[in-house]
Asks: 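Below are the structure tokens for one structure; questions will follow.
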Amino acid sequence: MIVMDYALNIYQRVQDRSTYNKKILDYGKSAFKGIIIAFAVILLYVLADFIYFNNQLLFADYIDTIKTYIVGFSICLYLTLIFIFYKNLKTRKTVDFILLLSPYLLMLLITMLVARNIPRIIDFVYVFFGMIIIYFRFKENSFVYRRKYICYFFLFFTFFSYPYLYQNINFNYNKSKDEVVAVTGKFNFTIYDINENKFKLSDFKSKTVCVDMWSSTCGGCIRSMPDFEKLNIHFKNNSDYKIISLFCPMKEHETYEWFKNYIKEDFNYNIDYYYINKEDFKNLGIYQFPEFLLLNKSNSIVYRGLVTYNQSIYDNIYEKLEKINSN
């Protein structure tokens, strides 16, 4: 009997060990599948970047919008792969679900910590709600289980809503704060138009003024010239507004005469271009471009920082100027 009990005890231990090893193996498989899912999403990013890098001229005017749709699609791809892999699991335990999610969520977290200027928290929000929907999709008698179309609706909603939400959050995250500063001292600078007419910023008092400060070294400023032209045309015939494109010299050779030739040769836009002397510009203490100054009718700066021309984004430049003018 003692021998029999001892043998049974050893057999039970072997069985327990075998079961434990099987669990570890199953969890390892789930984690490996999670890595495959994360790799597939990363591969999508790499391919999209490769396509963009080799077709920059083709996509230049739409790249900001295209990028957000790519990210929205990658979230949909991620949730779809999670759904497929989780559906094909035999047990569908909670720990398996967590292991499937973890690699990509870890990658998101690292991205968020490294690139803090990119509001990736919105990705977490979409993934979080998608995760809940998928998890309860396989729970009998749950709200989602009885309404399977919710999964498809959420993917559709994610793809089309993500670009709009991201662009709004990104702009409001990066833009500068409003400032109320009277145009006196250094900000009442002198500017020159291409016809050698001389103005002070305070000469435009009683108008709502938009000053776009840019330089020849700012590629983004130059690429946005067509958008600024549309802005200028939109307000040009309205005497309540003054739209100024102010060139800021960053190099010694960028004199007023050089500026006139530069505009004449390279910028065939319906824009009112102006020039500020290098010393006057230095005194402003502005070190990044583009930089916008928005002034109210009392000739006070009410906003200084970035703007967006995209009218689907809240607080875009059109809305801001009309709001300032109405106040």
Side-chain angles (χ1 to χ4, degrees), residues 48 52 56-73 75-76 117-123 125-126 156-180 204 207-214 218-246 267-274 288-297 300-327:
Y52 165 61
Q56 290 188 55
L57 294 178
L58 179 62
F59 295 125
D61 294 338
Y62 313 99
I63 191 59
D64 290 336
T65 301
I66 291 173
K67 280 184 176 178
T68 55
Y69 275 108
I70 289 172
V71 177
F73 178 76
I75 293 173
C76 293
N117 62 318
I118 304 175
R120 299 306 297 270
I121 190 67
I122 187 175
D123 297 33
V125 172
Y126 276 101
F156 180 85
F157 172 79
T158 297
F159 181 73
F160 287 102
S161 65
Y162 181 88
Y164 175 78
L165 290 176
Y166 179 85
Q167 289 178 35
N168 275 276
I169 292 172
N170 187 51
F171 172 66
N172 284 282
Y173 180 84
N174 288 305
K175 72 176 184 177
S176 301
K177 295 181 179 179
D178 295 355
E179 298 181 8
V180 180
F204 304 109
K207 293 178 181 288
T208 298
V209 181
C210 169
V211 183
D212 171 22
M213 310 187 79
W214 63 283
C218 176
C221 303
I222 295 172
R223 284 196 301 271
S224 65
M225 285 293 178
D227 292 316
F228 191 83
E229 180 183 40
K230 292 175 184 176
L231 179 75
N232 187 56
I233 292 172
H234 182 83
F235 290 107
K236 195 173 184 67
N237 295 323
N238 191 328
S239 59
D240 286 341
Y241 298 89
K242 179 61 180 178
I243 310 299
I244 297 171
S245 178
L246 184 62
F267 297 94
N268 187 26
Y269 296 110
N270 183 3
I271 292 175
D272 293 332
Y273 290 104
Y274 292 82
Q288 63 179 9
F289 296 102
E291 182 85 0
F292 281 78
L293 303 178
L294 304 184
L295 289 74
N296 61 19
K297 294 179 180 180
S300 291
I301 297 173
V302 293
Y303 181 81
R304 175 185 169 188
L306 298 173
V307 303
T308 177
Y309 299 101
N310 190 337
Q311 297 188 48
S312 67
I313 297 178
Y314 172 73
D315 210 24
N316 62 70
I317 182 62
Y318 292 89
E319 290 180 358
K320 287 182 88 64
L321 286 174
E322 289 170 0
K323 192 186 301 180
I324 292 169
N325 188 65
S326 64
N327 291 332

Asks: Hey, does the side chain of Asn325 reach the backbone of Leu321 with a donor-acceptor pair shorter than 3.5 angstrom?
Replies: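 Not a single qualifying donor-acceptor pair exists.
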
Asks: Of the non-hydrogen atoms in Pro163 and Thr68, which two are nearest, and what is the gap between them?
Replies: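 Minimum heavy-atom separation between Pro163 and Thr68: CB-OG1, 3.3 Å.
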
Asks: Pairing donors with acceptors under 3.5 angstrom, does anything connect the side chains of Asp123 and Tyr162?
Replies: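 Distance-only check passes for Asp123 and Tyr162.
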
Asks: More than 12 foreign heavy atoms under 6.0 Å from CZ of Phe171: is that the case here?
Replies: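 Enclosed: over 12 neighbouring heavy atoms sit under 6.0 Å from CZ of Phe171.
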
Asks: Let me confirm one number: the OG1-CG distance from Thr158 to Leu165, rounded to the nearest 0.5 Å.
Replies: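 Those atoms lie 10.0 Å apart.
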
Asks: Please round to the nearest 0.5 Å and tell me the distance separating atom OH of Tyr241 and atom CD of Glu322.
Replies: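 If we round to the nearest 0.5 Å, Tyr241:OH and Glu322:CD are 5.0 Å apart.
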
Asks: In terms of relative ring orientation, are Tyr274 and Phe204 parallel, tilted or perpendicular, with 30° and 60° separating the classes?
Replies: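 Rings of Tyr274 and Phe204: perpendicular, over 60°.
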
Asks: With side chain to side chain contact (heavy atoms under 4.5 Å, CB included) as the test, pick out the partner of Lys175 among Asp315, Val307, Asn170, Thr308.
Replies: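 Filter result, single survivor: Asp315.
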
Asks: Taking the six-membered ring of Tyr309, is the NZ or CZ of Lys230 close enough (under 6.0 Å from the centre) and on axis enough (within 45°)?
Replies: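 No, cation not above the ring by the 6.0 Å, 45° rule.
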
Asks: Quick check for you: to the nearest 0.5 Å, what is the distance between Lys207 atom NZ and Ser239 atom OG?
Replies: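 If I round to the nearest 0.5 Å, the distance is 5.5 Å.
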
Asks: To check you understand the geometry: which heavy-atom pair defines the closest contact between Tyr314 and Glu319, and what is its length?
Replies: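 Looks like C-OE1, 3.8 Å.
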
Asks: Angle class for the Tyr273/Phe267 ring planes (parallel below 30°, perpendicular above 60°, tilted otherwise)?
Replies: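 Ring orientation of Tyr273 relative to Phe267: tilted.
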
Asks: Report yes or no: does Asn316 contribute a side-chain atom to a donor-acceptor pair with the main-chain N or O of Ile313 at less than 3.5 Å?
Replies: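 At least one qualifying donor-acceptor pair exists.
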
Asks: Please give me the minimum heavy-atom distance between Gln288 and Glu291, naming the atom from each residue.
Replies: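 In terms of heavy atoms, the two residues are closest at O-CB, 3.7 Å.
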
Asks: Ring-plane angle category for His234 and Tyr318, please: parallel below 30°, perpendicular beyond 60°, tilted otherwise.
Replies: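 Perpendicular: the ring planes of His234 and Tyr318 meet at over 60°.
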
Asks: Looking at every heavy atom in both Cys210 and Phe292, which two are closest together, and how far apart are they?
Replies: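 Closest approach of Cys210 to Phe292, heavy atoms only: SG-CD2, 3.8 Å.
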
Asks: Give, for atom CD1 of Ile317 and atom CG of Leu231, the distance between the pair rounded to the nearest 0.5 Å.
Replies: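 One gets 6.0 Å once the value is rounded to the nearest 0.5 Å.
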
Asks: List the atom of Trp214, the atom of Phe289, and the distance in Å for their closest heavy-atom pair.
Replies: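 Of all heavy-atom pairs spanning Trp214 and Phe289, the closest is CA-CD2, 3.6 Å.
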
Asks: So, using ring pair (Phe, Tyr, Trp, His ring centres under 6.0 Å) as the criterion, who are the partners of Tyr269 when residues are at least two apart?
Replies: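 Listed in chain order: nothing, the list is empty.
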
Asks: With under 30° as parallel and over 60° as perpendicular, where do the rings of Tyr69 and Phe160 fit, or are they tilted in between?
Replies: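 If you compare the ring of Tyr69 with that of Phe160, the planes turn out perpendicular.
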
Asks: Between Lys320 and Val302, does the side chain to side chain contact (heavy atoms under 4.5 Å, CB included) criterion hold? Intermediate values first, please.
Replies: CA-CA 10 Å; Lys320 287 182 88 64; Val302 293; over 6 Å; no

Asks: How many angstroms lie between atom CG of Asn268 and atom CE of Met225, to the nearest 0.5 angstrom?
Replies: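 Reported to 0.5 Å precision, the distance equals 12.5 Å.
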
Asks: Looking only at heavy atoms, what is the nearest atom pair of Phe228 and Ser245, with distance?
Replies: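 In terms of heavy atoms, the two residues are closest at CE2-CB, 3.6 Å.
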
Asks: Tell me if a side-chain donor or acceptor on Asn232 pairs with a main-chain N or O of Asn270 at a distance below 3.5 Å.
Replies: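 Side chain of Asn232 to backbone of Asn270, a donor-acceptor pair under 3.5 Å: yes, one is there.
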
Asks: Using the side chain to side chain contact (heavy atoms under 4.5 Å, CB included) definition, which of the options Leu295, Asp178, Leu294 pairs with Ile324?
Replies: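 Option passing the side chain to side chain contact (heavy atoms under 4.5 Å, CB included) with Ile324: Leu294.
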
Asks: Rounded to the nearest 0.5 Å, what's the gap from CD1 on Ile122 to CG on Asn168? Could you check?
Replies: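 It comes to 9.0 Å.
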
Asks: Listed by chain and number, what are the salt bridge (charged side-chain N to carboxylate O under 4.0 Å, His left out) partners of Lys297, not counting sequence neighbours?
Replies: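 Checked Lys297 against salt bridge (charged side-chain N to carboxylate O under 4.0 Å, His left out); zero matches.
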
